[in-house]
Amino acid sequence: MASFLFLSLLFSFLHFTSSIPSIGITYSSTVSPPPPPFPAKVSSLISALKITSVRLPDPDPSLIKAFAPTNASLFLSISNSHLPALASNGSVALSWLRRHVLPVYPRSKISLISVGNTVLDSTTIQDFSPFLLPATRNLHHALQELGINKIQISATFSFFSTITTAFPPSSAVFQQPAGDLIIKPLLQFLEQTNSSFLINIYPYNLFRLNSEIPIGFALFQDNPFNFRDDPVTGIRYFNLFAMMADAVLTAMAAMGYQNIPVVVAETGWPSGGSQAEEVEANGVYAEMYLKGLVRHLKSGAATPLKKDGVAEVYVYELMDHSGGDNERGRKWGILTENMTMKYNVEFSSGAKNSGICLVAIWFTNWLLITSMNLILGFVGIQG
């Protein structure tokens, strides 16, 4: 009986520790291909920061190869401009994999590939959405043809071009007509292939669009007034990130796909804005957001609606970039352009390792107790 109770506690503990989302970082290179010393320098830097998951929106083969010694899990993205070719011909998907994956896999631990990024955004010059599903399927079939079955294939969406509302989360659904035409068949594909739904969640952008949102609510700050109650579910939300994440989970559940894991492909807070009026884009707020995000995720309560609803979260991004479009003009990096650390944030969780240590201690104690019981029982029989 005692052993049964212990094993029950053990399994429940393991389930608890595994529900903590992993925290990764995005590294986007400004030069392709990056100069020879740079990939190794970046991979060493990320290892020094104890970051174990890395998203590469510009996955140059030399950069992917540089992460082989680091044991980091890699999340690659294929640019939208490649989607028409990938959708039209399966051989193009094979060629892409032969260039980016086969030379380094499994030494470089590629775990996820996103086919396109925010293809539904209305700001894009060309509409790539008709190519999304066939490109995704072709890449999946190409992986199967190559005998690779441990790399997930999915696509990344933006919260603002995908979800109807953030509050209340219980009212959120996918925007139409893309919801039925693109997202629903993609969710069916993800369920069939055991893959994750990828979405960018930026509380900063929602805060800027809605003047009624308190800054403390967006920055994970503890304040008696920093909460919002969902009138339908009764759930109380203490930060904007959790509210937006639950809106995504609600929209997925409304389509019947509530069990697909969610990966937050991008989130962050800029330390500098691309426009003069962006006064909230500053280093103080950026550090508050990142520390609050990490604290929130390490607490094991990624979303109130579903404790294990968010599987991974990727901070945007590793380094600042100068110039470029509106997003590039903002300073999103945790490092400056010369690789100087801007914030004192500890990204490594340690929760899973500590859980293993505790399990080991419990298991050792259980063996000792069991052994003593056996010995005492044997002595009793002899007596």
Side-chain angles (χ1 to χ4, degrees), residues 14 17-29 34 39-78 96-97 100-115 117 139-140 143 146-156 190 193-201 260-268 290 293-294 297-298 300 302 308-319 334-335 345-356:
L14 285 172
T17 55
S18 64
S19 66
I20 298 177
S22 66
I23 306 170
I25 195 82
T26 293
Y27 171 67
S28 52
S29 175
K41 188 175 182 180
V42 170
S43 64
S44 298
L45 178 61
I46 289 176
S47 294
L49 293 172
K50 298 179 180 179
I51 296 172
T52 57
S53 300
V54 183
R55 175 175 171 263
L56 301 175
D58 313 297
D60 185 84
S62 64
L63 191 58
I64 301 170
K65 183 179 180 181
F67 282 95
T70 68
N71 205 36
S73 173
L74 299 183
F75 166 4
L76 311 183
S77 290
I78 300 175
W96 192 92
L97 292 172
H100 294 84
V101 175
L102 281 187
V104 294
Y105 184 83
R107 296 187 307 280
S108 292
K109 295 170 179 59
I110 302 166
S111 60
L112 176 61
I113 299 175
S114 173
V115 182
N117 186 35
L139 200 68
H140 173 70
L143 280 173
L146 294 170
I148 300 174
N149 53 21
K150 293 185 178 180
I151 297 178
Q152 294 185 32
I153 302 296
S154 189
T156 305
L190 298 178
T193 58
N194 295 317
S195 297
S196 303
F197 183 72
L198 316 178
I199 192 158
N200 300 339
I201 293 180
I260 296 175
V262 171
V263 170
V264 178
E266 292 183 14
T267 192
L290 291 174
L293 174 70
V294 172
L297 295 175
K298 287 182 179 180
D308 58 349
V310 174
E312 298 176 87
V313 176
Y314 289 83
V315 171
Y316 188 85
E317 62 180 326
L318 181 66
M319 293 170 56
I334 65 170
L335 306 175
V345 181
E346 180 61 53
F347 289 99
S348 61
S349 170
K352 292 182 181 179
N353 291 334
S354 63
I356 292 171

Colleague: Rounded at 0.5 Å granularity, tell me how far CG in Leu76 sits from CG in Leu97.
Modeller: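 Reported value, rounded in 0.5 Å steps: 10.0 Å.
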
Colleague: Any chance you could measure Leu318, atom CG, to Leu335, atom CG, to the nearest 0.5 Å?
Modeller: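 Nearest 0.5 Å value for the CG-CG distance: 4.5 Å.
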
Colleague: Could you report the tightest heavy-atom contact between Ile151 and Leu112, atom names first, then the distance?
Modeller: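 Closest heavy-atom pair between Ile151 and Leu112: CG2-N, 4.1 Å.
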
Colleague: Roughly how far apart are Ile113 CD1 and Leu198 CG, rounded to 0.5 Å?
Modeller: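 One finds 11.5 Å between CD1 of Ile113 and CG of Leu198.
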
Colleague: Test side chain to side chain contact (heavy atoms under 4.5 Å, CB included) on Val42 and Val54; report intermediate values, then the result.
Modeller: CA-CA 11 Å; Val42 170; Val54 183; over 6 Å; no

Colleague: Excluding sequence neighbours, so at least two apart, what forms salt bridge (Lys or Arg N to Asp or Glu O under 4.0 Å) with Glu266?
Modeller: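 With sequence neighbours excluded, Glu266 shows a salt bridge (Lys or Arg N to Asp or Glu O under 4.0 Å) to Arg55, given in chain and number order.
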
Colleague: Please give me the minimum heavy-atom distance between Pro57 and Thr26, naming the atom from each residue.
Modeller: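 Taking every non-hydrogen atom into account, CG-CG2, 3.6 Å.
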
Colleague: Is the side chain of Ser108 donor-acceptor paired with the backbone N or O of Ile64 at a distance under 3.5 Å, no angle test?
Modeller: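 Flag set: sc Ser108 to bb Ile64 pair under 3.5 Å.
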
Colleague: So which heavy atom on Phe347 is nearest to which on Lys298, and how close?
Modeller: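 Minimum heavy-atom contact is O-CE, 4.2 Å.
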
Colleague: Indicate the atoms forming the closest heavy-atom contact of Leu297 with Ile20, along with that distance.
Modeller: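 Distance-wise, the nearest heavy atoms are O-CG2, 3.5 Å.
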
Colleague: Could you list the residues that satisfy side chain to side chain contact (heavy atoms under 4.5 Å, CB included) with Ser44, not counting sequence neighbours?
Modeller: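 Applying side chain to side chain contact (heavy atoms under 4.5 Å, CB included) to Ser44 gives none.
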
Colleague: Going from CG on Leu190 to NE2 on His140, what distance comes out if it is rounded to the nearest 0.5 angstrom?
Modeller: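 Interatomic distance, Leu190 CG to His140 NE2, rounded to 0.5 Å: 10.5 Å.
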
Colleague: So which heavy atom on Ser62 is nearest to which on Pro39, and how close?
Modeller: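 Of all heavy-atom pairs spanning Ser62 and Pro39, the closest is O-CB, 3.8 Å.
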
Colleague: On a heavy-atom basis, which atom in Lys109 and which in Asn71 lie closest, and how many Å separate them?
Modeller: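 Heavy-atom minimum between the residues: CE-OD1, 2.7 Å.
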
Colleague: Show your working on side chain to side chain contact (heavy atoms under 4.5 Å, CB included) between Leu63 and Asp58 and close with a plain yes or no.
Modeller: CA-CA 9 Å; Leu63 191 58; Asp58 313 297; over 6 Å; no

Colleague: Using modelled atom types only, decide if a donor and an acceptor are shared between the side chain of Ser53 and the backbone of Ile23 within a distance under 3.5 Å.
Modeller: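 It does not hold such a pair.
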
Colleague: I need the Leu56 CG to Tyr27 OH distance, nearest 0.5 Å.
Modeller: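 The CG atom of Leu56 sits 9.0 Å away from the OH atom of Tyr27.
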
Colleague: Testing the 3.5 Å rule here: is there a donor-acceptor pair between the side chains of Gln152 and Thr193?
Modeller: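 Side chains of Gln152 and Thr193: no pair found under 3.5 Å.
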
Colleague: Show every ring-ring contact (aromatic ring centres under 6.0 Å, His included) that has at least one partner inside residues 40-75, sequence neighbours left out.
Modeller: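 For residues 40-75: Phe75-Tyr314.
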
Colleague: Hey, could you give me the CG/CG distance between Asn200 and Asn117, rounded to the nearest 0.5 Å?
Modeller: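 Answer for the CG-CG pair, Asn200 versus Asn117, is 5.5 Å.
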
Colleague: Would you say Ser196 and Ser154 are linked by a side-chain donor-acceptor pair, where the criterion is simply a distance under 3.5 Å?
Modeller: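 Their side chains do not contain a donor-acceptor pair, so the 3.5 Å distance test is not met.
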
Colleague: Using side-chain heavy atoms (C-beta onward) and a distance below 4.5 Å, is Glu312 in contact with Pro21?
Modeller: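 No, too far: nothing below the 4.5 Å cut-off.
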
Colleague: Is there side-chain contact between Ile199 and Ile201, with at least one heavy-atom pair below 4.5 Å?
Modeller: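 Yes. Closest side-chain heavy atoms under 4.5 Å.
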
Colleague: Applying side chain to side chain contact (heavy atoms under 4.5 Å, CB included) to Val104 and Ile110, what does each step give before you reach the verdict?
Modeller: CA-CA 9 Å; Val104 294; Ile110 302 166; 4.2 Å; yes

Colleague: Are Lys50 and Glu346 close enough, and set up right, to give a side chain to side chain contact (heavy atoms under 4.5 Å, CB included), and what steps lead you there?
Modeller: CA-CA 8 Å; Lys50 298 179 180 179; Glu346 180 61 53; 4.1 Å; yes

Colleague: Taking atom types as modelled and ignoring hydrogens, do the side chains of Ser43 and Thr70 form a donor-acceptor contact shorter than 3.5 angstrom?
Modeller: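 Distance-only check fails for Ser43 and Thr70.
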
Colleague: Using atom types as modelled and distance alone, determine if a side-chain donor or acceptor of Ser114 lies under 3.5 Å from a backbone N or O of Thr156.
Modeller: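 Yes, because the side chain of Ser114 sits within donor-acceptor range (under 3.5 Å) of the backbone of Thr156.
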
